[in-house]
A.B. asks: 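Structure in structure tokens, see below.
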Number of protein chains: 2
Amino acid sequence: MNLSYETFLQEFEALVEDEWSCLFDLYHEKLNLKNRKIATKKFQTIIECVFKLSQTKGFQAMTLRDLSQESGISMGGLYKYFSNKNQIAEMIHAAMIQMAETCLKIRQYRHQDPVFELNELLARHVFLSERLKKWFYFVFMECKSLDKDLMETIIASERFMENAIHQRIVDANQQGLSQCTNPDFVSAMLKVMLQEWYLKSWKYQQKNINADQYVANLLLSVYQLIQVK
Amino acid sequence: MNLSYETFLQEFEALVEDEWSCLFDLYHEKLNLKNRKIATKKFQTIIECVFKLSQTKGFQAMTLRDLSQESGISMGGLYKYFSNKNQIAEMIHAAMIQMAETCLKIRQYRHQDPVFELNELLARHVFLSERLKKWFYFVFMECKSLDKDLMETIIASERFMENAIHQRIVDANQQGLSQCTNPDFVSAMLKVMLQEWYLKSWKYQQKNINADQYVANLLLSVYQLIQVK
DNA sequence: CAGAAAAAAGCGAACATTCGCTCGTTTTTT
DNA sequence: AAAAAACGAGCGAATGTTCGCTTTTTTCTG
């Protein structure tokens with residue numbers, strides 16, 4: 001494995017610039033926003049406040065007056081950047097899906113070695129969720145606030161990830177590279193450890209464990225769990 | 001390992017009877033409830049409706065009018081069984097802590113073999129969360145609705161579990177029974193797989209995997225991850 | 001380049017609705 | 001007949017949303 005978080009970050013910035021311009025590109029027409037510089041700046045303050053407030057009290061319990069006070073933007077001012085409260089959650093989800101697909105799907109080329117592919121898949125996911133920590137956390141915790149279409153997109157992409165992991169394990173078995181007797185269970189385990197990284201990020205920050213070290217631990221476990229020869 | 005879900009269930013019923021009488025015992029004085037038979041029955045319908053509604057829309061978004069309609073109990077009638085909305089969440093948490101402590105702590109005797117102890121610990125937790133699926137799910141998803149004291153109790157018990165796992169691994173290493181190079185990571189992994197069982201229970205129900213089979217998979221992974229000799 | 005006119009962004013009091021909760025009354029149980 | 005449980009319309013507070021107005025930014029023009 002040679003991919004590091006640092007090189008991933010460069011790739012990320014080349015592909016999607018940053019979160020706020022991604023939001024602007026997706027929604028500036030629908031919201032009649034003209035000035036890109038102002039709008040991206042505002043998006044940043046608003047969404048960061050949303051993350052902060054929903055981390056402590058949850059999105060549903062967060063009041064628009066809370067958000068107004070925390071961000072320093074008036075009620076009427078806020079409504080220039082979304083047309084109703086639920087759209088905030090919708091925008092966050094849509095932008096995250098957009099960024100994730102740009103960063104992960106573009107690398108879905110088939111390599112000859114399924115074990116290598118599995119490593120690559122896991123590492124990329126950890127790095128992406130490290131870069132978009134708050135976004136992943138929000139999407140996981142607040143998916144209740146979504147309409148059905150978006151929710152199904154989220155579930156589908158989760159399932160896609162687990163299937164991708166599962167397939168690599170089965171392939172490795174068939175090619176005689178590994179001896180995994182319970183691929184279903186192991187792929188569930190690996191997927192859950194991808195979630196652990198962004199759901200409990202404070203824990204690993206506290207223990208001084210960075211994304212690269214986490215990936216190293218994860219890959220060691222892979223070797224043990226699928227019994228690589 | 002010889003503990004099965006069936007034998008665990010017998011133990012459980014001997015220790016705590018059931019959820020609803022546990023709730024009654026904890027709160028009947030504070031709420032002035034006299035008739036045990038009526039009250040436990042009402043608790044059951046109310047709490048089961050709370051689980052149902054908060055699974056689909058979340059506890060915060062659940063209205064007491066929703067709850068009234070779903071349970072067939074009037075607004076005023078509901079308020080005989082709690083004194084404010086947040087107390088519902090509080091009661092659920094308190095009762096679950098009560099039941100979990102009764103079922104887990106009573107078995108914290110030290111055995112000579114740390115690997116055996118680890119197995120026992122993991123199996124018991126899976127079985128308990130299987131019996132109290134909805135409770136565990138609710139506590140995980142809705143812990144935001146809690147006051148600080150209860151929240152810290154929850155966090156403490158989580159930490160206790162992870163430490164207990166960690167300690168058994170370290171002990172096994174020291175006794176030369178295993179060779180685990182990353183006990184921190186592995187114990188996080190095992191703890192997360194305990195959560196997986198109740199957070200994604202629908203998934204395993206769909207795949208026809210029961211608690212005993214899940215435990216078997218879990219213990220196999222333990223052997224691989226801590227390199228038992 | 002200056003300054004006026006137009007457009008965009010920002011403001012916050014006011015509105016309708018909804019929610020948690022109460023309480024006087026009725027029904028059921030003891 | 002007394003006590004406990006259940007009822008449900010109604011209250012005040014809080015919330016999402018709107019809209020007429022002000023401020024800031026951009027564009028146009030002499």
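In what follows, every chain begins at residue 1, and chains take the letters A, B, ... in the order their sequences are listed. Values below: every heavy atom of this structure, side chains too, minus hydrogens, waters and symmetry copies.
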A.B. asks: With heavy atoms of chain A within less than 4.0 Å as the criterion, where does contact along DNA chain C begin and end?
C.D. replies: C:dA8 to C:dA14

A.B. asks: Taking only residues two or more places apart in sequence or in another chain, which ones pass salt bridge (charged side-chain N to carboxylate O under 4.0 Å, His left out) with B:Arg36?
C.D. replies: B:Asp25

A.B. asks: Using salt bridge (charged side-chain N to carboxylate O under 4.0 Å, His left out) as the criterion, list what pairs up with A:Glu48, not counting sequence neighbours.
C.D. replies: none

A.B. asks: What pairs with B:Asp184 under salt bridge (charged side-chain N to carboxylate O under 4.0 Å, His left out), at least two apart in sequence or on another chain?
C.D. replies: none

A.B. asks: Scan nucleotides 4-18 of chain D nucleotide by nucleotide, 5' to 3', and note B when protein non-hydrogen atoms come under 4.0 Å of the base, S if they reach only the sugar-phosphate, - if neither.
C.D. replies: SBBBB-B----BBBB

A.B. asks: Provide the full list of side-chain hydrogen bond (donor to acceptor under 3.5 Å, both in side chains) pairs with a residue in residues 78-88 of chain B, sequence neighbours left out, each pair given once.
C.D. replies: B:Ser83-B:Gln87

A.B. asks: Using the side-chain hydrogen bond (donor to acceptor under 3.5 Å, both in side chains) rule, collect all pairs that involve residues 151-162 of chain A, keeping only residues at least two apart or in two chains.
C.D. replies: A:Glu158-A:Lys191, A:Glu158-A:Gln195, A:Glu162-A:Lys191, A:Glu162-B:Lys203

A.B. asks: Please list, chain by chain and in numerical order, all residues satisfying salt bridge (charged side-chain N to carboxylate O under 4.0 Å, His left out) with A:Lys34, sequence neighbours excluded.
C.D. replies: none

A.B. asks: Only pairs under 3.5 Å count here: list side-chain donor-acceptor contacts from residues 55-64 of chain A, not counting sequence neighbours, and write none if there are none.
C.D. replies:
unit_1: A:Thr56; atom_1: OG1; unit_2: A:Lys52; atom_2: O; d: 3.4
unit_1: A:Thr56; atom_1: OG1; unit_2: A:Leu53; atom_2: O; d: 3.0
unit_1: A:Lys57; atom_1: NZ; unit_2: A:Asp66; atom_2: OD2; d: 2.9

